[in-house]
Amino acid sequence: MNALSSTTPDLSHLRADFPILSETIRGKPFVFLDSAASAQKPAVVIDAMTHTMRHQYANVHRGLHWMSERTSDAYEGVRDKVAALLNAASREEIVFTGSSTGAINLVAYSYGALLRPDQAVLISEMEHHANIVPWQMLRDRRGIELRVAPVDERGELDLGAMEALLADGRVGLVSITHMSNVLGTVTPAARIAELAHAAGALLLLDGSQAAVHRPVDVKAIGADFYVFTGHKLYGPTGIGVLWARHALLEAMPPFMGGGDMIGSVSFERSTWAEVPHKFEAGTPPIVEVIGLGAAIDYVQAIGMGTIQAHEAGLTEHALARLGAVEGLRVIGEARTRGGVISFTVDGAHAHDIATLLDRNGIAVRAGTHCAEPLMRRFGITSTARASFGIYTTTQEIDVLADTLDRIRSFLV
Amino acid sequence: MSEAALQADASIYQQLVVERARRPLHAGTVEPADGAADGTNPLCGDTVHVTLRRDPGGRAVAVRHRTRGCAICAAAADLMAETVQGATRNEAEAVFGRFQRLLQDGETALDAETRRQLGLLNAFGELHGYRSRRKCAILPWSALLAAFKSGEDA
């Protein structure tokens, strides 16, 4: 059975680029359906990082020697690649952080310091804990209010309710996921930007999932902040990105103090470096940034539009196949969605499903997916989640659906 | 892949485990109870509520559980309730100690006498190969011991 429409690009040749996919698990082919947690790495990323450490490594921005200059060039070159990926206005708008979580915390701490205590931050019911807890900490630190926009039964953002929550003009920042890590819902980012700006608020988009699955154009969206992480984009762990409009970065105070983020230092006072360096204290994750650059080159060569079309085809196929498994309920039916599918099976707990799938070489995630409030919203304690990457095939989805059928007859 | 093949692949789901998860024999609450406690696993949200009643000698003459959890947790709760019928708190703690050794080290590491004492609980012998799932089987026991304790404190 092949439900892929003729418009779905065939990317199966890319599997050969990922060394780990030839591993076997307990003698069975490794069926990796957990890319939303962290994606596998193509050889070009692994090679770029080892090449850096073997042949072209020194600290950046400091050295007057050949090796440091070359390493600085490679590191700074990635800023241009990220700017192009997001269609940012300039390379100076790209700040390297440790993760998406690090980037959101940077904004919560730094931009948060510019909010008045009578202002509010608006998030949604479908946020990852990384886009909830930093704002709770800001609330407790600064006395701001934290508002939560509801999600409807389909798993879509309730824009009417959001507008009402913005109506009093006290919201200073809207911080919303661009694609839910649980429901797969892609949020209407440009429309949210309009609503936020009309109410005098700025918009931060958590692109941890979205930036992996579709083209992102921060100018076309009209966003003010955008964050994503390297390890879900086929790059290494330990590297995240904050994009923000230049004027915002200029206005924001530094987050962490240290080397590399200063203009000059005396015991009386210090001055800050120009953006983005003002926000990059200490020796940065040099090797990881270079690995991210290789990952961006890799996905750009495939084309984010092609990646989106491929995953749309996989998702359609998966919804059809999983929908036919008796007792299986897909959580979230957003009309615009990406390749992340959470589900429950009547009478079978998500952890039992994950264990039995694992015994068959199939890796899925099970649990609350760092989104406990969303679980409560849908009246469930946990789900199993299958998520897709550029290397995922319809055959793997068929193996998942067939195995789920057998698990159900075994457990229920 | 047949059901038998799947079962062979997933030895932690022995028939007794699957049966008790599907149709527990000791589910419910003891009323009136003289000991009650909850166990919660924050990682998955699973909960076990244990109630018990004791005779004047401190023996649990009735133990029941209400479990919202995976098959391992549900079956562990049911087989625990069955195993500790008539036990004092000290005896229950001793059974739990043997059960933990079974999960930690596996059946082959235990002597014949310990395995005999474990009885029905031997159904969880394969769990030692699944480190991430051991806590599912332990959760009901932490609720049970807390229920014993709550009764004594009252």
Side-chain angles (χ1 to χ4, degrees), chain A residues 24-29 31 34 37 129 182 327 342 344-385 398-412, chain B residues 1-24 27 38-49 65-78 103 123-140:
Chain A
T24 54
I25 306 292
R26 300 186 185 91
K28 300 200 167 82
V31 175
D34 196 18
H129 294 165
V182 177
S342 283
T344 59
V345 178
D346 284 347
H349 191 285
H351 283 189
D352 295 322
I353 290 170
T355 294
L356 285 163
L357 289 174
D358 173 58
R359 295 307 292 184
N360 289 276
I362 304 168
V364 298
R365 182 155 170 194
T368 61
H369 314 291
C370 298
E372 283 184 46
L374 185 65
M375 296 290 120
R376 283 194 281 277
R377 160 66 183 82
F378 281 93
I380 48 184
T381 51
S382 60
T383 73
R385 181 187 71 182
D398 292 342
V399 169
L400 170 70
D402 292 344
T403 311
L404 283 169
D405 265 328
R406 293 182 184 110
I407 287 173
R408 193 182 173 280
S409 63
F410 170 67
L411 279 178
V412 179
Chain B
M1 183 174 51
S2 68
E3 183 168 324
L6 183 65
Q7 193 152 5
D9 268 349
S11 45
I12 57 170
Y13 295 99
Q14 294 202 0
Q15 203 177 352
L16 181 61
V17 172
V18 175
E19 272 177 22
R20 289 303 182 93
R22 281 180 184 154
R23 282 178 290 278
D38 290 308
T40 300
N41 182 341
L43 292 177
C44 57
D46 287 358
T47 60
V48 182
H49 180 66
H65 68 94
R66 233 184 12 233
T67 302
R68 189 188 65 190
C70 62
I72 301 299
C73 179
D78 210 59
L103 300 185
F124 296 97
E126 295 292 328
L127 212 53
H128 84 102
Y130 293 74
R131 203 174 44 206
S132 62
R133 298 301 302 277
R134 285 181 204 154
K135 59 185 181 296
C136 309
I138 285 175
L139 183 64

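Only heavy atoms go into these numbers, but all of them, side chains included; no hydrogens, no water, no symmetry mates. Worth saying up front: this structure is predicted, and the values here are computed from it rather than measured.
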* Structure fact -> To the nearest 0.5 Å, atom CG of D358(A) lies from atom OG of S132(B) at 8.0 Å
* What's the verdict on side chain to side chain contact (heavy atoms under 4.5 Å, CB included) for I72(B) and H349(A), showing C-alpha distance, side-chain angles and the deciding distance? -> CA-CA 10 Å; I72(B) 301 299; H349(A) 191 285; over 6 Å; no
* **Side-chain donor/acceptor of R22(B) to backbone N/O of G347(A), under 3.5 Å** => no
* Asked: Going by distance alone, is a donor N or O of one side chain under 3.5 Å from an acceptor N or O of the other, for T381(A) and R68(B)?
  -> no
* To do: Using the side chain to side chain contact (heavy atoms under 4.5 Å, CB included) rule, take Y130(B) and R359(A) through it: C-alpha gap first, then chi angles, then the decisive distance, then the call.
  => CA-CA 11 Å; Y130(B) 293 74; R359(A) 295 307 292 184; 3.0 Å; yes
* Asked: Atom CG in L356(A), atom CD1 in I12(B): separation rounded to 0.5 Å?
  -> 7.0 Å
* Heavy-atom pair of closest approach, residues V18(B) and F410(A) -> CG1-O, 3.6 Å
* Might you confirm whether atom CZ of R26(A) has over 12 heavy atoms from other residues, nucleotides or ligands at distances under 6.0 Å? => yes
* Structure fact -> Between R133(B) and H351(A), the two heavy atoms sitting closest are NH1-O, 2.9 Å
